[in-house]
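Only this structure's heavy atoms are used, side chains among them; waters, hydrogens and symmetry mates stay out. Naming: A, B, ... by sequence-line order, numbering from 1 per chain.
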Amino acid sequence: MIDQSVIQELKGIVGEDNVLHNKADLQTYEYDAYLEKSLPDAVVFVNSAQEVSDVVKVANRAQVPFVARGRATNLSGGVLAMRQGIVIELARMDRIIDIDIENQRMIVEPAIYNLEVTGAIDNLGYYYAPDPASGKACSIGGNVGEDAGGPHCFKYGVTSNHVLGMEVVLPDGEITWLGGKALDTPGLDLTGVFVGSEGTLGIATKLVLRILHKPEAVKTMLAVYDSIDDASSSVSAIVSHKMVPATLEMMDNLVIQAIEQSMAAGFPLDAAAVLLIELDGLKDGMEEMADKIVEICKENNVREIKVATCEAERAALWKGRKGAFGAIARLSPNYLVADGTVPRTKLPETLRMCREIGDKYGLRVANVFHAGDGNLHPLILFDSRNPEDKEKVLKAGMEMLQVCADMGGTVSGEHGVGIEKAMAMYMVYNEKDLLAQEWVKEAWDPQDLANPGKILPQRLIKREEAHVS
Amino acid sequence: MSTEVTKIEEFLPLYDEVAKCGKCGFCQPTCPVYRATGKESYVARGKNALFRNLIEGETVMEADLKEAFENCLLCRACTANCFPAVKTDQLVVAFRESYAQRFGRSTIQRWIFRNFLPYPDRMARVIGLAWLSKRMGMADLAKKMGIVGMINPKLETAMELRDEVPASFLRDRTKNTDLTAKGESKYKVGYWVSCGYNYMLPEVGEATINVLRHNGADVEVLGNNCCGLPVYGYGDVEGARNLAKKNIDVLGDLDQYDYIVSECGSCSGHLKEYAELLAADPEYSVRAERLLSKVRSFSELLVEIDAEKPQGEIQASVTYHDPCHMTTRYQGVVTQPRELIKNVPGVEFREMTESDWCCGAAGSYNIMHNDVSMKVLERKMGNVAKTEAEIVVTECPSCIMQLSLGAKRQGMENTKVMNVSQLLDESYRQADN
Amino acid sequence: MSPKTESYTAALTGIVGKDAVEEKPQVTVAGKSPSLRVRPKSVEEVGKVLAFANENGLGVIPTGSGTKLETGNPPEKFDLLLDLTGLDQIVEYDAENLTIAAQAGVRVKDLVELVTKDELFFPVDPAFPGEATIGGVVATSDNGPKRFQHGNLRDVVLGVKVVLPNGELVKFGGRTIKNVSGYDVTKMMIGSMGILGVIVEATFRLLPEPQREDILVHAFPKLSEVTKLAGQVLDSVLVPSSLELLSPAARKLIKGVASDFAVGEYLLVVGLEGHPDAVVRQEQDLTSMCANLAPNRTALVVGGDYVAEGKEASEREVTCQIHDHGEACNCETVTDQATVDSLWEEIYNLERTAKEAGYAVAAKVAVPLAQVWEMAAAAEKSAAANGVQIAYKISAGNGLLNLYMQGDNEKVLAVLEDLRTLAQKREGSLVLKSTPLFNGSFEVWGEPQGTHISLIRATKAKYDPNGVLNVGRYVGRI
Ligand SMILES: Cc1cc2nc3c(=O)[nH]c(=O)nc-3n(C[C@H](O)[C@H](O)[C@H](O)COP(=O)(O)OP(=O)(O)OC[C@H]3O[C@@H](n4cnc5c(N)ncnc54)[C@H](O)[C@@H]3O)c2cc1C
Ligand code: SF4
Ligand code: SF4
């Protein structure tokens, strides 16, 4: 519990109304989209980098930990206040600072929704490439925290490839800039380290984004399969035929069922799997590439392949894909996503093994994922009202990550480590590797106040220790 | 504050509903209250978390929780964007009901709900008094009476807005006028008198009746009470049921009408939900179903009966604001009003972004939580302003008054706010002249 | 030779063998020479050498083939040159999954040859590809024109293995395209100029070889016209893989196909890759965009395999092959891949050619895209005012200006100061790439703008607490 005097100091900075500390309020800040809870001591609404800095300085003086909160949609426990302390609520810092078409950059505050970035430049013919399925509900700051990816990242790269600089409040409260609109800032690529650091190295208060000109043409196809293996082989075959589609997304039958119940996107209910393939770029040659893809899919026993003929059809297909996680709620109230990544050719085998793990525990597993990147998302379904199920699910999730690691992959492709996968880090790194990672944290945050207890297994705060209500 | 944890038994039936919430956060971006404040307890996810905690005994029913559940417009934008479609508005009403039962409503509120709303005569008298005081330059006094806002929350706004006080209520105005169809009589239409139009904007009702008559309707002004929506919103579900039953009784034999129509989206929307509200009552639920088959919102009816295309030219740019209760989240009358507007010669229709976002009026919300309501309204007016339309059309008295207030506050003096029926009426009249 | 050095020699010989230790090598870095060059042949040996250096407080500078050894401030201490060319193994080549892991000493050219056999493409095109090694390229984050389309090293390196100054081998990242497991130390290692550890292995993402690769060359009499053109191209749907501009002086340094082309003018060099139809379409669009801004000039298209049927690939086709038959145009086409490659080669080696031609100082300016033209204009102006000769190359898609200068030291310094001031005003930077003349009188990296120097210092202290690697050479003399 933090001192009343600290609360008073915080109120002095942001105003009486912008500090929450009664239990009812706090209980709405004890969760994110992961499955655990931890109750913070206070929530502070900030409105500027200066306020963030002042709040962080108070936290330093009082030696109270703090955590930056975007829109709390992360799936790995990233914003849970594991050692209580202060939640720095960024929700109101959601402004656009600069749209600089000439330099193909945009500067935004962290809490702006991912989709609203593109929304602001769409009419100028530009867009922001990283497109997590949660784009409507997650913030750019959170994307930076987790180094979020999305379907189009197969061709265009993930958040870290598109965030070129930032204003940050460091863990000691100092405000500084890393990187900027220009490339190749002399010195270590601190922007690169910050992206994906899950709020453990400080709080970004402005972000410099690379924005891209919209492609001239887009072609979206839905390939329908009677077997998951055929779908997976098509993915490898497309890539080995020298094509780099903008997206290669896969959904299995259970996911198709859920989507169709939720929003009728037009996926055939009896398909074992569908692939959502999109080409983008210049219109010249696109037809031929599309034909080639159809041919490859046919060689791999596709049942049917549909090409979207208009923007509305395309939108419907994407709505299905983007709504997939949410739609799972139609099948079961809760799910755990094992966000492992494997080399593409290992997909069929990995999927099979994940299914077996599910069977072993008697749990349903639905798959919707970025096949082009080899980034799996087995969704393990359960009802969090049943604690036994939850334990089983956590175990099954770990086993699936182990499979990914064994296949030469890794344990998190885009959702971050948080508390969820901290122990899984041992599957891909040894203690020396992890110590060398910990030096980063020590260099930036010697007091261990910025979102403590995350990412590194040696620093993990176990949930039994954490849970306070 | 009690430290003993008591599970809230009456919420158990909603456990399955609230357990569907996977905390994905997709309800955030479209919740007007959340967008205005950024507060998690105001968005569906936060309310669901608290509600679930109440069921699971992780928290207790206490005053601190009230704020979370008070700050909701019942606009259902969350549900519309929620894949498992968690019915957060139902949880909110359940909470309000349960809270009031435990801690009581303010006596005055209860007194009004039970002693005024079901009695149109008493309502008319009090509100008449309030208008009178305004006419006599004592608006403040009327406001200070507080009671006005509670009887009908819109009245306060209306009193602020209207320079000219309505000379008389709609009900009185229609008493000795001709209500029969102009030309051939094709339908018998029961005109539902919404409180908002009756007490505050009677001229809208007159326009509506005119348009109906123009299209072959013999109009009968119904003797209804308040539809009960405001009472429901306060969580007085029992009170709302009573009003619903009383109204069903007042309407009597429904076969005498081809349609029952209201140009208040909230009234028409709520009437359509009587059946669900009264589902547990074997007798009234059947009658409510019957009512459902007769009720139409104004725009819905006009398109359904293929209303005569207006001929009078109105040279203006027009945008449309969807009242919550007209959207797909409630009765789903969305294309019809647009079609009617576009049919008016000379009108240039401009769609606004977020046209179906709540304007922040929401029953008493703009009185009880004025700050937040005004922020919600600001966002709305920003979108209106972007269209640069001269006229904002809608189909709800609350929205009309809230939007007019917004226009005034934002210095958009030249922006007119009106009901769909008024726009049509004006065009018909011009053609007649 | 001091007894101390002798004991070092003995110890290191014990680790790597006699033939891998060279005393008093002919290498200088900003006037300093090391006492020993050590060339380990395995990662374990690197570990042992570093552990030894760490224990004995020796100053170590790791190097590949030494093409960028000059970049950086003068070293504070320099005892060992750690030659990594002995680590020359391809560790894991997974053509199917489009990844390759190679040791630090592998030359870029060899790697490119290897993957080209499988019709794959290595998306990194650094300077001096014939000599540059993987380790050096990653440590300096050096990349060329095609970076515009394929990104920089931070966008294509999936993981690295690093020997820390304490001799431990650690790995960061992995070999999958997406990876957010833990801190992205890989990014920090890229471009770290060897101050944190010795990169002994890197894993890269590969791409399918483009179906066709062409270069379009067009001359412009004035800088302002190219400026306009670049703006138009960047704000269009076209997707060139590179967009380079050579100043008239730089153009003079280029040999081969473009050498006798439009002498005295600015030369725009546009790389185009992808589906043949898309390449031709872009050539058509670009030639007309160029012709609008700079009329009556010939567009030279250096192209891959699209020799018209029945014709031999020839030195230079006089007729145009990109426009429809009968359409009037000013295009010429050259049609063999070797010519494409050699033109790129000329551009990659420009820094050396310039040096050989007397441009002793090389600097790199990085600014927001659209500001690069202002920088070029300012460079011309300042050079003229100071009587300094300059040649330069602009990477328009990346906002980079590579500047080669010759003249009086002081005058050159004056130009550099001017440009640095302006670059920093534009939120950019100027880095000196070769330093023979100043010996520390000009801050190589500049006062770091947009980088938190104390964080870099703290990081260095964690990874290299005893100060062994490249001491004093980095930003802020770290
Ligand atoms: C239905 C659903 C679908 C999803 N789909 C995808 C997907 O396709 N791809 C994908 O990558 N993810 C996906 N996610 C996960 C999630 O949306 C992303 O991780 C997202 O980036 C989180 O953003 P947020 O604003 O919610 O951040 P939060 O959850 O609030 O925060 C995430 C982390 O970032 C830190 N952080 C937040 N703001 C800042 C800041 N300003 N400075 C420093 N640190 C900060 C936090 O401390 C925390 O550690 C999905 C989630 C859901 C629920
Ligand atoms: S959108 Fe629905 S499931 Fe998601 S957090 Fe909101 S209420 Fe819960
Ligand atoms: S009903 Fe409207 S105001 Fe209430 S929580 Fe849902 S979206 Fe928000």
Side-chain angles (χ1 to χ4, degrees), chain A residues 102-105 146-147 149 157-158 160-161 165 176-190 192-193 196-197 213 215-216 240 242 244 281-282 284-285 289 341 343-345 373-375 408-414 416-417 425 428 432-433 436-437 439-440 442-444 455, chain C residues 94 96-98 119 151 154-155 164 168 170-172 174-185 187-188 190-192 207-209 211 234-237 239 275-278 281 366-370 398-400 427-429 431 445-446 448-452 455-456 458-459 462-463 475:
Chain A
E102 193 185 48
N103 289 313
Q104 307 195 340
R105 300 289 183 267
E146 305 290 355
D147 194 4
V158 294
S160 63
N161 307 111
T176 187
W177 270 90
L178 312 175
K181 280 186 181 176
L183 300 175
D184 297 359
T185 309
L188 297 177
D189 185 356
L190 299 178
V193 196
S197 65
H213 199 286
E216 178 182 46
S240 62
K242 300 185 156 198
V244 187
L282 292 170
D284 314 77
M289 285 191 277
T341 296
R344 206 176 295 112
T345 49
D373 302 322
N375 187 185
T410 193
V411 295
S412 183
E414 58 178 23
V417 175
M425 291 280 279
V428 281
K432 284 180 208 156
D433 301 337
Q437 287 196 25
W439 288 341
V440 173
E442 286 172 358
W444 289 63
I455 304 181
Chain C
D94 184 351
E96 254 187 315
N97 286 306
L98 303 181
E119 303 188 327
R154 74 198 295 281
D155 305 306
L164 300 169
E168 305 272 20
V170 293
K171 87 164 184 186
F172 303 111
R175 58 188 179 100
T176 51
I177 306 294
K178 268 168 145 179
N179 188 347
V180 297
S181 316
Y183 293 104
D184 197 349
V185 185
K187 291 233 163 44
M188 196 168 68
I190 297 167
S192 63
L207 291 170
E209 198 174 54
Q211 288 184 52
L234 291 175
D235 193 23
S236 76
V237 294
V239 282
H275 190 280
D277 293 353
R281 141 81 188 287
V367 284
L369 299 188
N398 298 317
L400 302 177
E427 301 173 45
S429 61
V431 171
W445 309 95
Q449 310 277 305
T451 299
H452 202 272
L455 278 179
I456 300 180
T459 307
K462 286 285 167 196
Y463 284 81
V475 179

Count the heavy-atom pairs under 4.5 Å between each of G413(A), G149(A), A443(A) and chain C, then report the option with the highest count.
G413(A)

Testing the basics here: between P215(A) and V237(C), what is the closest heavy-atom pair and its distance to 0.1 Å?
C-CG1, 4.5 Å

In this structure, NE2 of H452(C) is separated from CG of L178(A) (nearest 0.5 Å) by 8.5 Å

Grab the two heavy atoms, one from P186(A) and one from V431(C), that are nearest each other, plus how far apart they are.
CG-CG2, 3.8 Å

Looking at A278(C), G399(C), A366(C), which one has more heavy-atom pairs under 4.5 Å with chain A than the rest?
A278(C)

Shortest non-hydrogen separation from N97(C) to R344(A) and the atoms involved
OD1-N, 2.9 Å

If you define the side chain from C-beta out and look only at heavy atoms, does anything of T176(C) sit under 4.5 Å from P343(A)?
yes

Drop me the distance from N179(C)'s CG to D147(A)'s CG, to the nearest 0.5 angstrom.
9.5 Å

Just so I understand: if I count every heavy-atom pair under 4.5 Å between each of T345(A), V244(A), V158(A), V428(A) and chain C, which residue has the most?
T345(A)

Region of N375(A) that comes under 4.5 Å of a non-hydrogen atom in chain C:
side chain

What's the separation between atom CD in E442(A) and atom NZ in K462(C), rounded to the nearest 0.5 Å?
4.0 Å

Nearest 0.5 Å please: distance from the NZ atom of K242(A) over to the CD atom of E119(C).
4.0 Å

Note: vs chain C, highest number of non-hydrogen pairs under 4.5 angstrom among Q104(A), R105(A), E146(A), M289(A) is Q104(A)

With the side chain counted from C-beta on, respond yes when T459(C) and L188(A) share a heavy-atom pair under 4.5 Å apart, and no when they do not.
yes

Could you check which of D155(C), V185(C), L164(C) has the highest count of heavy-atom pairs closer than 4.5 Å to chain A?
D155(C)

With a 4.5 angstrom heavy-atom cut-off, is it the side chain or the backbone of E96(C) that approaches chain A, or both, or neither?
both

May I have the step-by-step check of side-chain contact (heavy atoms from CB on, under 4.5 Å) for V239(C) and L282(A), ending in yes or no?
CA-CA 8 Å; V239(C) 282; L282(A) 292 170; 4.1 Å; yes

Relative to chain C, which segment of L183(A) carries a heavy atom at a distance below 4.5 Å: side chain, backbone, both, or neither?
both

Measure the CH2-CG distance between W444(A) and L455(C) for me, rounded to the nearest 0.5 Å.
5.0 Å

Taking it one step at a time, do D184(C) and V193(A) satisfy side-chain contact (heavy atoms from CB on, under 4.5 Å)?
CA-CA 5 Å; D184(C) 197 349; V193(A) 196; 5.7 Å; no

Could you please spell out the steps behind the side-chain contact (heavy atoms from CB on, under 4.5 Å) verdict for I190(C) and D189(A)?
CA-CA 8 Å; I190(C) 297 167; D189(A) 185 356; 6.0 Å; no

When only pairs under 4.5 Å are counted, which of E102(A), E414(A), Q437(A) shares the most heavy-atom pairs with chain C?
Q437(A)

Here the pair of heavy atoms bringing G192(A) nearest to R154(C) is CA-NH2, 3.6 Å

Stepwise, does the salt bridge (Lys or Arg N to Asp or Glu O under 4.0 Å) test hold for D373(A) with K178(C)?
CA-CA 7 Å; D373(A) 302 322; K178(C) 268 168 145 179; 3.1 Å; yes

Main-chain N/O of K171(C) paired with D433(A) side-chain donor or acceptor, under 3.5 Å
yes

Test item: Y463(C) side-chain N/O and A436(A) main-chain N/O as donor-acceptor pair under 3.5 Å
yes

Please walk me through it: do I455(A) and Y183(C) pass side-chain contact (heavy atoms from CB on, under 4.5 Å)?
CA-CA 8 Å; I455(A) 304 181; Y183(C) 293 104; 3.9 Å; yes

With chain A, the option among V367(C), D94(C), D235(C), N398(C) that has the most non-hydrogen atom pairs under 4.5 Å is D235(C)

Pick one of side chain, backbone, both or neither for S240(A), based on which atoms fall under 4.5 Å of a heavy atom in chain C.
neither

Which atoms form the tightest heavy-atom contact between S412(A) and S181(C), and what is the distance?
N-OG, 3.1 Å

By a 4.5 Å heavy-atom criterion (distance strictly below it), what part of V440(A) contacts chain C: side chain, backbone, both, or neither?
both

Give me the atom names and distance for the closest heavy-atom approach of N103(A) to L369(C).
OD1-N, 3.3 Å

